[in-house]
Every structure is written in C-alpha cells, then in structure tokens.
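Counting begins at 1 with the first residue of the sequence. Counting convention: from 1, in listed order, for ligands and their atoms alike.
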Amino acid sequence: MLSEQFDAVIVGAGFGGIGAAIQLKRMGYENFVILDREDDLGGTWHVNRYPGLAVDVPTTTYSYYFEPNPNWSRLFSTGDEIKQYAADVADKYDVRKHMRFRITVDGARWDDAAKVWQIALAGGETLTARYLITATGFLSQPRTPDIPGITQFDGKVIHTTAWDDSYELDGKRIAIIGTGATAVQLIPELAKKAADLTVYQRTPIWVVPKVDFKFSPRAKRLFARFPLSQRAIRAITDSLYEFFIFVGLHHRQWFFRRLNIGASDLAKLHRFISVRDPELRKKLTPDYDFGCKRPTFSNSYYRLFTKPHVHLQTDGIDHIEADGIVGNDGTKTVIDTLVLATGFDLWEANFPAIEIIGRNGRNLGKWWRDNRFQAYQGITVPSFPNYLSLASPYAFLGLNFFNTMEYQMRHMDRLFDEMKRRGATTFEITEDANARYLDQMTELIQDSVFTAGNCATARSYYFDPAGEASLLRPMPTRDAIKQASEFPLSDYQIA
Ligand code: NAP
C-alpha cells in the first residue's frame with residue numbers, strides 16, 4: 001500500500017499544534033496534516049471538563065500574542081471559553097481542514113535514505129513526511145494511582161481528565177485523591193454538592209488568593225475596537241508573571257529569596273485568615289519552598305476545609321475496598337464516588353509521548369534517559385533530522401504556555417527561512433550546539449529555587465526521574481525570544 005506523503009505531520013491538535021500549523025502556513029506550507037487521538041481540537045482544554053475548570057494564568061496573557069481575544073468574559077476564564085478560543089483561532093487561520101481526529105500515532109522512524117519520517121498509525125497505516133512536529137503537550141497522559149484494591153471499588157470512579165457530565169454528584173459521599181492545581185479548582189465545586197467529602201492529601205500545595213474580575217461589555221468593546229488597550233493590560237499581566245518566574249529563578253540572591261519568602265508569607269496569611277484551627281492549618285502547610293511545584297490560586301480552597309461535611313485526610317491510603325477507603329491510620333471512609341485528581345504521568349509516558357527513532361536507530365526516549373533530558377532551545381535534538389519536539393525538556397517558560405509556543409514559532413521561522421535560502425531539505429542540530437545549550441541550562445538552574453531552595457519533599461513534576469529540574473527553561477521570555485530569533489545558523493547542519 002502506498003503511504004500518504006506530506007511536507008509535515010504535526011502530532012497534537014492543541015494550542016501547540018495549532019501554533020505550529022499557523023507557522024507552517026505563514027512559511028508557505030499547505031501539504032500538512034495534524035493528527036490527534038481525541039475527537040476534537042483543543043488538547044488539554046478539550047480533554048479537561050471537570051467542574052470549576054478555569055485557566056490559572058490571566059487570559060490577557062494566556063493567548064497567542066498575534067491573536068488577542070476581546071471576548072474573554074473575565075481575567076481567569078473558564079475552560080469552555082478557552083476551548084472556544086482554540087476553535088476560533090483554528091478557523092480564522094484555516095487550520096481545521098488539516099486536522100484528522102481519532103487517530104493514534106504509534107511511533108515515527110527517520111528514513112535516512114529517503115530523508116523522510118515514516119509515521120506509524122495504530123491500525124497499521126503509515127504516513128511519510130519531510131518534517132515531523134510533535135505537539136503532544138506536557139500534561140496529556142493521565143495518571144491513575146496504583147493503590148491496592150482500587151480496581152475492586154464498586155462505586156463510581158472518575159479521573160478529572162474523563163469527567164462524566166451525566167453523573168449526578170448531589171448528595172453523594174465523595175472522596176478525592178490529590179491536591180494539585182486541578183483539585184484546588186474542583187474541590188470547592190464538589191463541596192457544594194456532596195453530602196460528605198473527604199480529601200486525601202499527600203503533599204500540601206501552596207495556595208495564594210486569586211484576584212479575578214469580569215470584563216464589562218464596555219471593556220470588551222474597547223478591546224475589540226482598540227486592541228492596543230488589551231495589549232496594555234497584557235503588558236501588565238505578562239510582566240507580573242515574568243516577575244514571579246524571575247523570583248523563582250534567582251533564589252541564591254538575597255533580594256529574590258526574600259521576595260520568594262514574601263510570596264509564601266502571602267499564602268501563609270491567606271491560610272491563617274481562612275482556617276482558624278491550628279491543627280488543620282498545620283496539615284495544610286507545605287514544608288517545601290514556594291515555587292518548587294506550581295503554586296495555585298483560590299479564594300475558597302482553604303476555607304472549605306472548615307465546613308463540617310469536608311474532611312482532610314493526611315495519613316495516607318492503605319488500600320481501597322468495594323465501598324470505601326482504608327487509611328494508614330486504620331480508619332475506613334465509606335464512599336460511593338472516588339474522584340482521581342492524581343494528575344499526569346509527565347516523564348514516563350510523555351517524554352516522548354510516542355516512540356521516535358532517529359538517525360542510526362537512536363531511540364529518543366532511551367537516549368534521554370541514558371544521557372540526561374535535553375533539547376536545543378527546547379525544540380530540536382541531535383540525530384533527529386527534520387524533527388521539532390515542542391514538548392521538550394528545557395522548553396516550557398514556566399507559567400504561560402503561549403510564550404513558549406511563540407518562541408518556538410520564531411525558531412521555526414528562522415530555521416526554515418535559512419533552509420529555503422539554501423534550497424535545503426534537511427536540518428539537524430549539531431551535538432556541539434546541543435551540548436552548549438545543555439551546559440547553559442545546567443548553569444542557569446543552579447541559581448533557581450529548584451537547586452538552591454528546599455524542594456526535597458515537594459514531589460514536583462518539574463523534576464525528571466534523575467532528580468534534575470529539566471522541565472522549565474530557566475530564562476525570561478524576552479531572552480528565549482532573542483535566542484530563537486538570533487541563534488547561530490551554524491548550530492544546525494543544513495543540507
Ligand atoms: P498534579 O499537580 O500532578 O497533582 C496530582 C495530585 O495527585 C498531587 O496532589 C499528588 O500528590 C496526588 N497523587 C498522585 N498520585 C497519588 C497517589 N498514588 N496517592 C496519593 N496522592 C496522589 O496534577 P494536577 O492537579 O492535575 O495539575 C497538573 C498541572 O496542570 C498543574 O500543575 C497546572 O500546571 C496544570 N493545571 C492548570 C490548570 C489551569 O490552568 N486551569 C488547572 C489544572 C491544572 P503528590 O503531590 O504527593 O504527588
């Protein structure tokens with residue numbers, strides 16, 4: 001059977017894949033396809049639909065810079081609005097027609113003789129493409145905890161990434177496992193409906209107050225008529241978020257360490273005002289530095305633990321039985337609904353999300369595990385020609401995914417422009433340039449809260465299995481954009 005041939009195959013139809021597709025179109029490519037295992041676009045904003053879902057970055061900042069959205073209803077918009085934004089952008093830039101849904105990609109292999117990628121789909125079909133772009137996101141493989149007895153539970157089990165809208169929560173006896181960013185949004189919603197709610201916390205999370213407000217119709221009209229007005233607000237929210245990152249990244253310097261402590265003091269005060277019982281407050285208090293794992297925003301989370309029908313369990317889970325959870329302290333909580341807010345398997349299942357075999361049979365997942373997690377400017381890897389890995393180690397600029405996407409689009413622009421100028425068909429980052437970038441990241445991370453701070457008990461997904469904080473690119477957005485716009489072209493072998 002002849003395989004379909006494309007200039008590019010993008011894996012993932014979330015904001016990363018949509019951004020890559022817009023960039024390909026800007027560069028003149030039309031013969032490309034975007035594959036996604038789900039039945040619609042939007043990535044994490046399509047998959048996640050749990051009650052309370054909202055973005056935890058101000059929407060003025062959480063959008064493509066080139067596509068501000070005057071229709072956001074509030075500063076921290078809800079999940080369905082963000083999904084709608086994804087759909088609107090895809091339609092405006094005419095990338096939806098390139099998308100194919102319910103397609104699972106098994107793996108990709110570089111064919112060095114033909115200089116193409118062979119992309120294997122579940123079901124046996126193979127596509128070929130000159131360029132492969134994986135936009136599989138960082139948080140896309142749900143983690144189900146391996147707790148003894150969990151499969152014997154007789155009631156309803158819901159993972160937050162597979163919310164069952166038809167399931168009625170009113171009056172239920174609910175247990176939720178996990179207290180990450182998802183749980184912090186979901187727990188207040190569950191508490192409104194449950195007859196009884198038990199929260200199983202393993203590691204407490206830092207929670208700071210959320211300053212949120214609606215955009216009035218007049219403000220929205222202003223944003224639509226004068227986009228610069230929205231850009232001005234974005235400049236403020238961008239700067240604030242950059243500042244947060246800066247504080248985390250300069251942990252060795254006294255001034256920034258003080259600021260970091262100031263942020264934890266704010267969370268402490270928030271906890272103190274919300275929870276008067278010192279025992280309960282202690283249980284909710286993290287023992288690692290602010291910033292070691294992603295902090296969260298909520299005005300209701302701490303307070304609801306003071307409600308009589310909400311219980312906090314911190315002794316751990318021994319096992320699960322057909323009708324309840326037995327804690328390490330021997331107590332059994334009888335429940336009919338078990339909510340798993342247990343997050344994502346970021347490193348094992350996602351780096352990479354599919355098997356990728358490069359030149360000379362180099363297996364990306366194995367190579368990363370044997371040689372440290374790394375990718376030049378968070379996007380290319382030696383021995384993987386014509387491959388852009390958007391969800392890479394040292395790629396994510398911290399809090400705002402869109403800044404990450406946009407420097408990656410600039411990187412593509414510069415690289416493909418040079419290829420066009422030379423009439424070339426392949427690019428590959430050199431081992432030397434990649435090693436220099438890794439050295440730079442290793443040095444920069446030394447100053448950060450991850451290395452200089454106290455993160456030992458945080459259980460943070462910012463750390464890879466070898467204990468290195470290799471998820472975040474430890475630099476301000478403007479530096480990443482400068483590097484993407486000016487990297488030496490000699491860093492690549494272009495042929
Ligand atoms: P997460 O931060 O990884 O949290 C998972 C939670 O489940 C943690 O509290 C973890 O405890 C607990 N857990 C996992 N396995 C467990 C086990 N076997 N036993 C007991 N507890 C277990 O996942 P998440 O809350 O889904 O959030 C992931 C990321 O998604 C966030 O950091 C954020 O970047 C993003 N997010 C964004 C938004 C937004 O923008 N609106 C909303 C939600 C999430 P430990 O900490 O002890 O491991």
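Annotation: cation-pi geometry not satisfied between Arg252 and Phe256 (NZ/CZ under 6.0 angstrom from ring centroid, within 45° of ring axis).
Heavy-atom proximity to Gly178, at under 4.0 Å, picks out these atoms of ligand 1: 6 (C), 7 (O), 9 (O), 12 (C).
In terms of polar-atom proximity, defined here as any N/O pair under 3.5 Å, Ile177 makes no such contact with ligand 1. In terms of N/O distances under 3.5 Å, ligand 1 is approached by Thr179. Taking distance alone, with nitrogen or oxygen atoms compared against 3.5 Å, Tyr50 stays at or beyond that limit from ligand 1. Checking only distances, Ala341 does come within under 3.5 Å of ligand 1, N or O to N or O.
A salt bridge does not link Lys83 to Asp80: none of the charged side-chain nitrogens sits closer than 4.0 Å to a carboxylate oxygen. Salt bridge status for Arg173 with Asp196: absent, with no side-chain N to carboxylate O gap under 4.0 Å. In summary, Glu468 and Arg372 engage in a salt bridge, as defined by a charged side-chain N under 4.0 Å from a carboxylate O. Using a 4.0 Å cut-off between a side-chain N of Lys or Arg and a carboxylate O of Asp or Glu, Asp164 and Lys156 qualify as a salt bridge. A salt bridge does not link Lys282 with Glu279: none of the charged nitrogens is closer than 4.0 Å to a carboxylate oxygen. Between Asp36 and Arg100 there is no salt bridge, since no side-chain nitrogen of the basic residue lies less than 4.0 Å from a carboxylate oxygen of the acidic one.
The six-membered or imidazole ring of Tyr407 lies away from that of His411, with a centre-to-centre distance of 6.0 Å or more. The distance between the ring centers of Tyr241 and Phe244 falls below 6.0 angstrom.
When heavy-atom distances to ligand 1 are checked against a 4.0 Å cut-off, Gln185 comes that close only through its side chain, counted from C-beta outward. At a heavy-atom cutoff of 4.0 Å, ligand 1 is contacted by the side chain of Tyr461 but not by its backbone. Only side-chain heavy atoms of Leu139 come within less than 4.0 Å of ligand 1; its backbone N, CA, C and O stay farther off.
Nearest to atom 46 (O) of ligand 1 by heavy-atom distance, out of Arg294, Lys293, Arg459, is Lys293.
At the shortest separation from atom 45 (P) of ligand 1 among protein heavy atoms lies Thr203 OG1, 3.5 Å. If you check which protein heavy atom lies closest to atom 26 (O) of ligand 1, you get Thr182 OG1, 2.6 Å. For atom 38 (C) of ligand 1, the nearest non-hydrogen atom of the protein is Asp56 OD2, 3.8 Å. The nearest heavy-atom contact from the protein to atom 23 (O) of ligand 1 is Gly343 CA, 3.2 Å. Here the protein heavy atom with the shortest distance to atom 18 (N) of ligand 1 is Pro145 CB, 3.3 Å. In this structure, the protein non-hydrogen atom closest to atom 10 (C) of ligand 1 is Arg202 NH2, 4.4 Å. Of all protein heavy atoms, the one closest to atom 4 (O) of ligand 1 is Gly180 CA, 3.6 Å. In this structure, the protein non-hydrogen atom closest to atom 41 (N) of ligand 1 is Ala54 O, 2.0 Å.
Here the rule is ring-ring contact (aromatic ring centres under 6.0 Å, His included) with Trp347, and of Phe463, Phe373, Tyr462 only Phe373 fits it.
For Tyr65, there are no ring pair (Phe, Tyr, Trp, His ring centres under 6.0 Å) partners at least two apart in sequence or on another chain.
Under a 4.0 Å heavy-atom criterion, Phe344 is in contact with ligand 1.
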